[in-house]
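Following: one structure in structure tokens, then a few remarks.
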Amino acid sequence: MNYDFSKIEAKWQKYWAENQTFKAENNSDKEKFYVLDMFPYPSGAGLHVGHPLGYIASDIYARYKRHQGFNVLHPMGYDSFGLPAEQYAIQTGQHPAITTKTNINRYREQLDKIGFSFDWSREVRTSNPDYYKWTQWIFIQLFNSWYNNDTNKAEDISTLIALFEKEGNATVNAISDEDIIVFTADEWKAFDTKKQQELLLQYRLTYLAETEVNWCPALGTVLANDEIINGVSERGGHSVIRKKMTQWSMRISAYAQRLLDDLNTIDWPQPLKDSQTNWIGRSQGASVTFNVKDHKEQIDVFTTRPDTIFGVSFMTLAPEHELVATITTPEQKQEVEAYIQATAKRSERERMADVKTISGAFTGAYAEHPFTKEPIPIWIGDYVLAGYGTGAVMAVPCGDQRDYDFAKKFDIAIPNVFEGVDISEEAHADKDKTVIANSDFLNGLPYKKAMKLAIYELEKIGHGKGKINYRLRDAVFSRQRYWGEPFPVYYLDGMPQMIDAKHLPITLPEVEKYLPTETGEPPLGNANVWAWCTKENKVVDNSKINNETIFPLELNTMPGWAGSSFYFNRYMDPNNTDAIFSDDAINYWQDVDLYIGGSEHATGHLLYARFWQKFLFDKGVVPKNEFAKKLINQGMITGTSAFVGRIDGFQYERGKWGTEGYYGGTYNVNSNIYISAGRSNDQELLKDLLKANKPETDNAIKAYNEIINDIENFKISIRQGVHADVSFVNASDELDIEAFKNWREEYKGAEFITEENGTFKVSREVEKMSKSKYNVVSPDSICEEYGADSLRLYEMFLGPLEQSKPWNTAGITGTHGFLKKLWRLYLDDNGAKFTDATPTKDNLKTLHKTIKKVAEDIENFSFNTSVSTFMICVNELSSQKCTSKEILEALAILVSPYAPHIAEELWEQLGHNTSIATAPFPKFDASHLVESSKEYPVSFNGKMRFKLELPLDLSKDEIEATVMAHEKTIAQLQGREPKKVIVVPGKIINIVG
RNA sequence: GCUCGAGUGGUGGAAUUGGUAGACACGUUGGACUUAAAAUCCAAUGGACAUUAGUCCGUAUGGGUUCAAGUCCCAUCUCGAGUACCA
């Protein structure tokens, strides 16, 4: 019997599907274990071999846990709202739902071929109305909540209204907007409904407000901070500008401290935690209030260095700061306005590109130092960000490099408030050993004490207090797109109203065009049936809008991260139509035990999901404060591109760079000659080629003549190569010349300079796997040629899960060969080889060594080393000619998480008629590994010279005596007397001297 | 700039608490089988020197601790990831 992997894999994939082998029950006496993968966005390109890496790892873990007797939840679904499908819809008119469905079907086909143990009965799709009903439901919960700082959790908005009615808002300790008016209970009651709603919006956890947003004109939408990379959009790389718009926001800042603190409670990779910590950006300092001369307004600033308050020599406001217009003097008005206009026009990218250019303008106004009462000039400058702190800084040029540079540029005084520090060249930002000087009551104090005293004194005069500031901004939650969740919101008198949860889902309306409307409204503005009837409680035709019973609906949709912020909970009970999930389901499954996915989601999905989880926890909806106990980032698989060396230019060099007579450079030629990698350094050949290929441009001809005249002394190399599709190249880096020639018209007449044996070698380079680099390998083609089990093993064998590593199909013959060898251990041409033979001592030793190592490896997520362990085990059992059924049964279970198809088949061949999936994992028995002797390495001065087999029960002295008497020891010492002999029983012997 | 991570054969990588560096594979070379190829099997494979025995060098670089360092400490270099005027 041969190892016919295609037949075996198809057979068991069908078996698993038909028998629902991996369906997880919500009621079970077994202990639960929840293994989750980050669900994919189903793109049109399908999966390449890099994508399933994490899925294979999690699948191995899930299968291992089933062998250990756990009830395992291992679901999969799709993050199916998103930009690519919509961009495609704009170009082709194809409804994104259709594109998405096609792509999902393709993904499913590809996933099925790899043999994952997913419980497909629990699949979710974020774009499915049955799913986004609950996204909308959570949105409503957030709208109806506020954050109470006293109880340190989210509460229903009704408790806030009760407080307002009782005592107004002066005593309320809430996370809210900064600029809230103070009112009494009587005033609250006197406000009209609209005013009350406006005020409540300033407290709600999701709120509508005019905010400065990142507007991407090319995509026609706003973007969140985490969707912008290096000042351009993450998708498409379009430029982004700052713009004020009315948008839904999520008050994630309310949870900043808890998001930070609870990082300590979860087992996530440190780099990921670090990047969340940086993103949240907690800084401790003080807020200080400055009076403005001749104005009643005050300016609040945040500073981390209140100890340097006597070093303030000017203030800088962000150009967008609201006080700028008020305080600017008539003389300075023109200059200030010109500056504001100039900065507003600059895109984020431009701003970031030239951080070094210092710019600003003087407002003509002065603030008053809270202690010295000295006038302080007020400037504006775009190095101050409107969005951070209060959008204003007290500038201390002696202690902050940016302030220092600004002061130098505009010739502002730089008073020194540090003892014995020279600030003539640069600012002194160090805190630790700093002692304050020239600062009245702070003189002579070290940083920490000065901090405390400064805050104390500021509080005493009512000009400031200690404060903690976070970099984390509230998250903009509106997108001007079609393919996203609609908001369950209609507008009455300009104020947002929630649609009652019992009428959800509010499904996406049909539109003719997926572009913004002519008046610049989002795509939903094109919908004709998009109004809410409060009588019928349904979506009706826009023409019926009367603003009495029928109102316009929200035109924005939700961002991509909405649906992915709670899907892990929905998997617990995905088909529930009455609730987001049943109490039974959530109480049984609780949280994710193992979550595997890419580190690129560190500050997006993973932060938002933690935020929603905490909110749902506060509301008593979920029992856990954090949704995933352990998280692992799988590394990226890069491609190994193949380059065919084409003579399209020469690089020439004579002499050493910088010395007399040096002559070097490059020029282009037109040729269709290709040179094998093994010969691309053959100077004689290259020189002949150079001679035969005269360039065309004047400069190049000059260089050509120079080289020809003195060709002996030149070193020639060819300039570059062209990508060849990796499928044309075999394991030995040899190109299929015919396939390459037929690939493209331009290669038809190509001429090839081969190796001496007639083959043509390509050169290799590691690059990102991408279509444009012709290095994409799809899992389907691998499954077809080698089988899913070979693929699964090879992906793990490549290296540590967390590391990024290059894919090279050539190596897969190693794991494929292993599977054939494994098969032959059980079966040969005559059928079964296994017998009831009693296992030998060696058999048992090999098996138990393997059990121990594999179990440890899986627990440590070191899957690459367990593949090696299997190979060693099979090599050993083969040479032991092991036929013992007892050993082979255990081995099949060990291999089953990694190569489930072959394991199932062997299990059946061994005589079992149920799946191997829940067969108990073999128990490790240490007694089989007990050794009576050890082959000691004998070192002289730390260098191993020979090995010596000695019984393990020898004492230190006995070992020493035996070794010293050994003839090789005497030969090594050559009569020298050893100074010292180190004996570590069971480990090593080292002779010094 | 700051934060984090990583540098080991031709290649992917192994070495769990300091204790035989290079497991296991790929590739390469030689051999067996075959008309031939594929497949399979066997052997060799870090470098240098040496007929053999063996010797020397070797985990990015330079120091240090130790009987013993890929592993620990100090300094430097290179690469990768994240972040970027955060007051």
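The shown structure was predicted, so the numbers you read here are calculated from the model rather than taken from an experiment. Throughout, protein chains are lettered first and strands after them, A, B, ... in sequence-line order, and every chain is numbered starting at 1.
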Under-4.0 Å side-chain N/O to phosphate OP1/OP2 contact, [X] with [N]:
X	N	answer
A:Ser283	B:rA87	yes
A:Asn278	B:rA84	no
A:Lys820	B:rU40	yes
A:Arg471	B:rC85	no

Tell me whether the side-chain N or O atoms of A:Glu856 pair up with the base of B:rU16 as donor and acceptor below 3.5 Å, since no angle test is needed here.
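Per atom types, the contact qualifies.
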Do A:Phe870 and A:Leu822 come close enough that some side-chain heavy atom pair is under 4.5 Å?
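No; the side chains remain at least 4.5 Å from each other.
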Pick base, sugar-phosphate or nothing for [X], based on heavy-atom distances below 4.0 Å to the nucleic acid.
X	value
A:Asn990	base
A:Arg473	nothing
A:Lys943	sugar-phosphate
A:Lys273	nothing
A:Thr869	nothing
A:Arg824	sugar-phosphate
A:Leu798	sugar-phosphate
A:Asn864	sugar-phosphate
A:Asn808	nothing

Is the distance between the ring centroids of [Y] and [X] under 6.0 Å?
X	Y	result
A:Tyr794	A:His816	no
A:Phe406	A:Phe314	yes
A:Phe290	A:His463	no

Find the distance [X]:[atom1] to [N]:[atom2] and express it as a whole number of Å.
X	N	atom1	atom2	answer
A:Tyr794	B:rA25	OH	C1'	9 Å
A:Glu795	B:rA25	CD	C1'	16 Å
A:Lys805	B:rA25	NZ	C1'	15 Å
A:Gln803	B:rG12	CD	P	11 Å
A:Leu950	B:rU20	CG	P	16 Å
A:Trp379	B:rC85	CH2	P	22 Å
A:Gln270	B:rA81	CD	C1'	15 Å
A:Asp382	B:rC86	CG	C1'	15 Å

If you check the [X] side chain, which of [options] turns out closest?
X	options	answer
A:Phe797	B:rC85, B:rC24, B:rG13	B:rC24
A:Val984	B:rA25, B:rC86, B:rG19	B:rG19
A:Asp274	B:rU20, B:rC24, B:rU3	B:rU3
A:Lys934	B:rU20, B:rC24, B:rG13	B:rU20
A:Lys987	B:rG19, B:rC26, B:rA87	B:rG19
A:Thr303	B:rC56, B:rA87, B:rA39	B:rA87
A:Ile982	B:rC67, B:rC26, B:rC86	B:rC67
A:Pro271	B:rC4, B:rA84, B:rU55	B:rC4

Rounding to an integer number of angstrom, what distance separates [N] and [M] when you compare their [atom1] atoms?
N	M	atom1	answer
B:rU71	B:rA21	C1'	11 Å
B:rA53	B:rG63	C1'	37 Å
B:rG27	B:rU11	P	15 Å
B:rA32	B:rG70	C1'	40 Å
B:rU83	B:rU29	P	46 Å
B:rG54	B:rU17	C1'	35 Å
B:rC33	B:rC42	P	16 Å
B:rG10	B:rU65	P	32 Å

Worked verdict on A:Leu317 versus A:Val384 for side-chain contact (heavy atoms from CB on, under 4.5 Å):
CA-CA 6 Å; A:Leu317 309 184; A:Val384 176; over 6 Å; no
For the NZ atom of A:Lys467 and the CG atom of A:Asn469, what is their distance to the nearest 0.5 Å?
5.0 Å
In RNA chain B, stems of three or more consecutive pairs, Watson-Crick or G-U, each with both distances under 3.5 Å, turn out to be B:1-7 with B:77-83, B:10-12 with B:24-26, B:27-32 with B:40-45, B:46-49 with B:54-57, B:60-64 with B:72-76
Which residue lies toward the 5' end of RNA chain B, A:Asn469 or A:Thr865, if each is placed at its nearest nucleotide?
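Upstream on the strand: A:Thr865.
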Report the residue (A:Gly391 or A:Asn941) whose heavy-atom-nearest nucleotide on RNA chain B is the more 5′ of the two.
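On the 5' side of the pair lies A:Asn941.
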Is it true that A:Asp405 and A:Lys409 make a salt bridge, defined as a side-chain N closer than 4.0 Å to a carboxylate O?
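Looking at A:Asp405 and A:Lys409, the cut-off is not met.
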Within a radius of less than 6.0 Å around CD of A:Glu178, do more than 12 heavy atoms belonging to other residues, nucleotides or ligands occur?
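For A:Glu178, atom CD is not crowded (no more than 12 foreign heavy atoms under 6.0 Å).
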Surrounding NZ of A:Lys845 (heavy atoms of other residues, nucleotides or ligands, distance under 6.0 Å), is the total greater than 12?
no
How would you label the glycosidic angle of B:rG9: syn (within 90° of 0) or anti?
syn
Are any side-chain N or O atoms of A:Tyr936 and backbone N or O atoms of A:Pro985, one a donor and one an acceptor, separated by less than 3.5 Å?
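No, the answer is negative, given that no donor and acceptor are paired below the 3.5 Å cut-off.
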Test side-chain contact (heavy atoms from CB on, under 4.5 Å) on A:Val49 and A:Leu791; report intermediate values, then the result.
CA-CA 9 Å; A:Val49 289; A:Leu791 173 72; 4.3 Å; yes
